[in-house]
Amino acid sequence: MTHDRKHWAQSNAEPEEGAPAGVRPISLEALNHLGVDASGDLYWIDTKILTAKKEFRLSIFQGLLASVTALSAAIAAGAACVSVYIDWNESLSTPSAQIENTSK
């Protein structure tokens, strides 16, 4: 453990491997200065330091691709429903004796 911290909020613990130079873990005392509001925004003392983004935008290509994918899924689901209905309808019109003979 080294004692070369430069800020009161830095811990004396060794930095994680790959951390940028001068970046150290936060001290336990400094954790009390972190806070989160109801929207998920992160605050350090009274300053907002991170804002949760709640929106995203698709490019035109991504929107078209998503639309084609959704349409394909809807068509496949509709085809599956029609297939199940046809099979069910045929099973109602087939006498049970024929079903028993075909299973042997």
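The structure presented is a predicted model; accordingly, all values stated were derived computationally and were not measured. Reckoned from all heavy atoms, side chains included, excluding hydrogens, waters and symmetry mates. Positions are given from 1, in the same order as the sequence printed here.
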Quiz item: Mind checking whether Ser11 and Arg24 have side chains closer than 4.5 Å, heavy atoms only?
Solution: no
Practice problem: Mark yes when over 12 heavy atoms from residues, nucleotides or ligands other than Gln62 sit less than 6.0 Å from its CD; otherwise mark no. | Solution: yes
Quiz prompt | Hydrophobic cluster identity match, Ile60 and Leu58, side-chain contacts under 4.5 Å | solution = no
Self-check item: 4.5 Å side-chain heavy-atom contact, Val23 and Pro20
Solution: yes
Quiz item: Where do Asp41 and Lys48 come nearest, in terms of heavy atoms and distance?
Solution: OD2-NZ, 3.4 Å
Quiz item: Minimum heavy-atom separation for Pro25 to Pro15, with atom names?
Solution: CD-CA, 3.9 Å
Exercise. Evaluate the criterion side chain to side chain contact (heavy atoms under 4.5 Å, CB included) for residue pair Tyr43 and Asp37; output intermediate values, then yes/no.
Key: CA-CA 8 Å; Tyr43 288 82; Asp37 67 7; 3.4 Å; yes
Practice problem: Please round to the nearest 0.5 Å and tell me the distance separating atom OG of Ser67 and atom CG of Leu71. | Solution: 8.5 Å
Quiz item: Does Leu34 belong to the same Ile/Leu/Val/Met/Phe/Trp/Tyr cluster as Ile45, with side-chain heavy atoms less than 4.5 Å apart forming each link?
Solution: yes
Self-check item: Among Val82, Asn89, Val84, side chain to side chain contact (heavy atoms under 4.5 Å, CB included) partner for Ile86
Solution: Val82
Exercise. With sequence neighbours excluded, give me every ring pair (Phe, Tyr, Trp, His ring centres under 6.0 Å) pair touching residues 14-40.
Key: Trp8-His33, His33-Trp44
Self-check item: From Thr69 atom OG1 to Leu64 atom CG, the distance as rounded to the nearest 0.5 Å
Solution: 10.5 Å
Quiz item: Would a distance-only check, ignoring hydrogens and angles, find a side-chain to backbone donor-acceptor pair under 3.5 Å from Ser83 to Ala80?
Solution: no
